[in-house]
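Residue numbers begin at 1 in each chain, while the letters A, B, ... track the order of the sequences. FYI, side chains are in, hydrogens and waters are out, and symmetry mates aren't considered; it's all heavy atoms of this structure.
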Protein chains: 2
Amino acid sequence: MHNRLCYVAQLPTKCQYLLEILMRMRALADQNTKKTTIYDLAQLAGTSAGTVSAVLNGNWKKRRISEKLATKVRNLADEHGYALNMQASTLRKEKSGIIGMVVPMYDNRYFSSIAQTFEKMARAAGYFPIVTCTQRDPELELTAARTMLAYQVEYLICTGATDPDKIHDLCAPAGVPTLNLDLPGKKASSVISNNYAGAFKLTQKILAAASERSQGSLFVGGREADHNTQERIRGFRDAHAEIGITVTEGQILACGYASEKASAALSTFLKDAVEPPAAMFVNSTISLEGVVTSLREKDRALQDNIVIGCFDWDPFAALLGDHIFMVRQDVETMMNAVFSMINEGNHDELRTIEVPPIL
Amino acid sequence: MHNRLCYVAQLPTKCQYLLEILMRMRALADQNTKKTTIYDLAQLAGTSAGTVSAVLNGNWKKRRISEKLATKVRNLADEHGYALNMQASTLRKEKSGIIGMVVPMYDNRYFSSIAQTFEKMARAAGYFPIVTCTQRDPELELTAARTMLAYQVEYLICTGATDPDKIHDLCAPAGVPTLNLDLPGKKASSVISNNYAGAFKLTQKILAAASERSQGSLFVGGREADHNTQERIRGFRDAHAEIGITVTEGQILACGYASEKASAALSTFLKDAVEPPAAMFVNSTISLEGVVTSLREKDRALQDNIVIGCFDWDPFAALLGDHIFMVRQDVETMMNAVFSMINEGNHDELRTIEVPPIL
DNA sequence: GTTTATTGCACAATCGATCACGCATCAATG
DNA sequence: CATTGATGCGTGATCGATTGTGCAATAAAC
């Protein structure tokens, strides 16, 4: 290959000369930084690039290359710190081995555990995982998806995406299957927690723990628009109905997930309320942060008197007191479901898998 | 380009015919999934691939392409959901725009905040961030670095790496500069917290808060081998020395970071000790998790009686009680330092930047 | 009307790895 | 000695985007 001077062959001699000096200087400067390619190794081993490639990517037996040459090439590769150029490999093979995931945030145990488990399992399955967090920004979600497409991801996992179907529409024409995690979508298969059952049980638990009092209960956090919040509210209501209590609209504060919003919503509620609630269902650890802060500010003792159930787990939050119950979403099982769907490879049949959370 | 049949041109006619049918079937099946390329767009626009490329990557003015043709191409690209093939682009440009980071874990606020901030700033600087967590496994650290090299990263940030210098040795021959974050290395510039000063002040604080008692203090968590732990121990000792106390070896439990290890180490200490310590310096939130769990198990009241200083921050841990102090490492400032070093582009001069943590 | 400048674009080489073909060499068989 | 088969490896096209170069066509200048 690859005579870098070939297209200047017709230049006047003097010009050629200068150019050659320039090239040589550049080569000198690059000596230690330029990456070794299979062509370099081929030259060193006195063989061809195709052979080097076959040796290094493992199918040299198929190509009937001698053990001796193979070891020679491998040794040279080690010596020179050869690293495969993935871009070239991907371009030729038309298969990147990359699996992408978008996630709203890293800064709580649920999502960071998702990211970490995803990476581990993806690697175990032979993929190269790329995770990107989209800061709960719908625009960024799409941009991130587009970028992932540009990098030729083979799958895209949309975790807690605000509009997973739009991402699907972006990926489908490119032949890239998507999968929804945590929040379901209508156009691709989904793996989510069994929010209803989890919320139902959690509500039962806090109602039982607060049974000696009767000042009522509260649901804090989340967005009414999203599926998970809806299901959890349904579980919350039904657990009340079971013991003959009807939940009113005023008891539902779906104010968003952000901690400040939960804090603000709770504060206004408490100001208007005659008495503080006996039990609270908090829709995420992020919201819980706001709730506990808010209670602390208002009245140090208050926190210890309200029974709290939180749909999500955090080790320190769990240590906050005996009156606080947490359900932990089963990330391991959810991610296993994700990868078994990927391995199955059937992307036509849409499924929704609901994984029971751990109480 | 790119007649996909060209090298079968000499086959017998019948064979050619069958092959063509096969190709056509494949084309039909691919229709909706095959990615659009600049060649497709060129054909549709009645122009050349080079022109399409120039239009879409923005230097069409330099190439003197008419506004009219440019908009035509752009419209076609939109219609057909064209996505750039980054592998091809990178291969040709020999510049990936990818910036990599390895991080030990995601599951605590410090590292997850690092990952999140890194992504945000990398994107703002025009890079594509790839973050990978290496589970504190030295082997995986190297494998991850090698993989990143294969993906042609332009920089590699090593966060909390057990052996950043080995990663540097891997990257240097490939011309990829590295940078150490959180834990320093000897072969590349480093951005770290000012561990000594932070530990000194934190120790002062817990000693003052526990001053009415005299049962002594304890240092829990971390590894004596790593720089951060050494510096924090030094700060811990000096803050004691300042008020005339000498710290003995028995007071230092550098048992590793894992929560179970901290828990175990503390339990054995408490078993042998005459009295529990008045103050404890805990080296990370992970270790704190073990410490608090251990105290809880032993004696519910114990936790409220020991003054704890933790070198790291977590919102719920901070809410655990009034007797617990946390220093928060200044991730924003640290990451700004990282990116300003990258933008400077001077990788010869080795520097270590120490960022004061926030008390 | 010829020369020069400018505009607008096509062409083809190139990045590094992969893989379908095919060519040499040597041993074994008839 | 000719034929067949196996062994071992080189050749060249290819993936999609980028970019240096060159060639028309039109406009401007003389």
Novice: What contact category does Ser89(A) fall into here, base, sugar-phosphate, or nothing, at under 4.0 angstrom with non-hydrogen atoms?
Specialist: sugar-phosphate
Novice: Can you name the salt bridge (Lys or Arg N to Asp or Glu O under 4.0 Å) partners of Lys187(B), sequence neighbours left out?
Specialist: Asp169(B)
Novice: Using the side-chain heavy atoms of Thr51(A), tell me which of these nucleotides is nearest: dA17(C), dT18(D), dG10(D).
Specialist: dG10(D)
Novice: Starting at atom CD of Gln152(B), determine the distance to atom P of dT18(D), rounded to an integer number of angstrom.
Specialist: 16 Å
Novice: Can you check whether Ser66(B) has a side-chain N or O nearer than 4.0 Å to OP1 or OP2 of dC9(C)?
Specialist: yes
Novice: Check side chain to side chain contact (heavy atoms under 4.5 Å, CB included) between Glu349(B) and all other residues, then give those that pass, not counting sequence neighbours.
Specialist: Asn346(B), Arg351(B)
Novice: Would you please confirm or rule out a distance under 4.0 Å between OP1 or OP2 of dC19(C) and any side-chain N or O of Asn59(A)?
Specialist: yes
Novice: Any N or O donor-acceptor pair under 3.5 Å from the base of dG20(D) to the side chain of Arg63(B)?
Specialist: yes
Novice: When the distance from CG of Asn85(B) to P of dT18(D) is rounded to whole Å, what number comes out?
Specialist: 9 Å
Novice: List for me each residue that meets side chain to side chain contact (heavy atoms under 4.5 Å, CB included) alongside Thr132(B), sequence neighbours excluded, and say none if there are none.
Specialist: Glu119(A), Arg123(A), Val102(B), Thr134(B), Ala144(B), Met148(B)
Novice: Does the pair His80(A) and Leu44(A) meet the rule for a side-chain contact (heavy atoms from CB on, under 4.5 Å), with working shown?
Specialist: CA-CA 10 Å; His80(A) 292 262; Leu44(A) 290 166; 3.6 Å; yes
Novice: Is the shortest side-chain N/O distance from Tyr82(B) to OP1 or OP2 of dA17(D) below 4.0 Å?
Specialist: yes
Novice: Has Glu344(A) got more than 12 heavy atoms of other residues, nucleotides or ligands less than 6.0 Å from its CD?
Specialist: yes
Novice: Rounding to an integer number of Å, can you tell me how far Lys95(B) NZ sits from dT14(C) C1'?
Specialist: 18 Å
Novice: My understanding is that only residues two or more places apart in sequence, or in another chain, count here; which of them pass ring-ring contact (aromatic ring centres under 6.0 Å, His included) with Phe339(B)?
Specialist: Phe118(B)
Novice: Can you tell me if CD on Gln135(A) sees more than 12 non-hydrogen neighbours from other groups inside 6.0 Å?
Specialist: yes
Novice: Mind checking whether Leu156(A) and Leu170(A) have side chains closer than 4.5 Å, heavy atoms only?
Specialist: no
Novice: Given 3.5 Å as the limit, does a donor-acceptor pair link the side chain of Asp40(B) with the main chain of Thr37(B), or not?
Specialist: yes
Novice: Using whole Å, what does the distance between atom P of nucleotide dT14(D) and atom CD1 of Ile38(A) come to?
Specialist: 18 Å
Novice: Rounded off to whole Å, could you give me the CD-to-P distance for the Gln87(B) and dT14(C) pair?
Specialist: 23 Å
Novice: So Thr47(B), base contact, sugar-phosphate only, or nothing? Heavy-atom distance under 4.0 Å.
Specialist: sugar-phosphate
Novice: At a heavy-atom distance below 4.0 Å, what parts of residues 67-74 of chain A sit against DNA chain D?
Specialist: Leu69(A)
Novice: Between the opening five pairs and the closing five pairs of the helix from dG1(C)-dC30(D) to dG30(C)-dC1(D), how far apart are the helix axes, to 10°?
Specialist: 60°
Novice: Check whether any side-chain nitrogen or oxygen of Asn57(B) sits under 4.0 Å from OP1 or OP2 of dT18(D), and answer yes or no.
Specialist: yes
Novice: Under the side-chain hydrogen bond (donor to acceptor under 3.5 Å, both in side chains) definition, can you give me all pairs with a residue in residues 145-167 of chain B, not counting sequence neighbours?
Specialist: Glu141(B)-Thr162(B)
Novice: My understanding is that only one of Lys34(B), Gln87(B), Lys35(B) makes a side chain to side chain contact (heavy atoms under 4.5 Å, CB included) with Glu94(A); could you say which?
Specialist: Lys34(B)
Novice: With Arg92(A), which residues qualify under side chain to side chain donor-acceptor pair (under 3.5 Å), at least two apart?
Specialist: none
Novice: Need to verify one output field. Residue with the more 5' nearest nucleotide on DNA chain C, Lys93(B) or Gly50(B)?
Specialist: Gly50(B)
Novice: Expressed as a whole number of angstroms, how long is the span from Arg92(B):CZ to dT18(D):C1'?
Specialist: 5 Å
Novice: How would you list, by chain and number, every residue that makes a side chain to side chain contact (heavy atoms under 4.5 Å, CB included) with Ser53(B), sequence neighbours excluded?
Specialist: Ile38(B), Asn57(B)
Novice: Verify side-chain contact (heavy atoms from CB on, under 4.5 Å) between Ile99(A) and Ile342(A), making sure each step is shown before the conclusion.
Specialist: CA-CA 10 Å; Ile99(A) 182 165; Ile342(A) 288 175; 3.5 Å; yes
Novice: If the cut-off is 4.0 Å, is Ser48(A) near the phosphate of dT11(D), judged by side-chain N/O to OP1 or OP2?
Specialist: no
Novice: For Tyr39(B) and dA10(C), is the shortest distance between a side-chain N/O and OP1 or OP2 below 4.0 Å?
Specialist: no
Novice: To the nearest Å, how far apart are Leu56(B) CG and dT19(D) P?
Specialist: 13 Å
Novice: Applying side chain to side chain contact (heavy atoms under 4.5 Å, CB included), name anything that partners Ser48(A), two or more places apart in sequence or on another chain.
Specialist: Thr51(A)
Novice: Could you list the protein-to-nucleotides 25-29 of chain D atom pairs, N/O on both sides, closer than 3.5 Å?
Specialist:
none

Novice: Under 3.5 Å, which N/O atoms of the protein pair with N/O atoms of nucleotides 3-6 of chain D?
Specialist:
none

Novice: Rounded off to whole Å, could you give me the CG-to-C1' distance for the Leu91(B) and dT18(C) pair?
Specialist: 12 Å
Novice: What's Ile65(B) touching, base or sugar-phosphate or nothing? Going by heavy atoms closer than 4.0 Å.
Specialist: sugar-phosphate
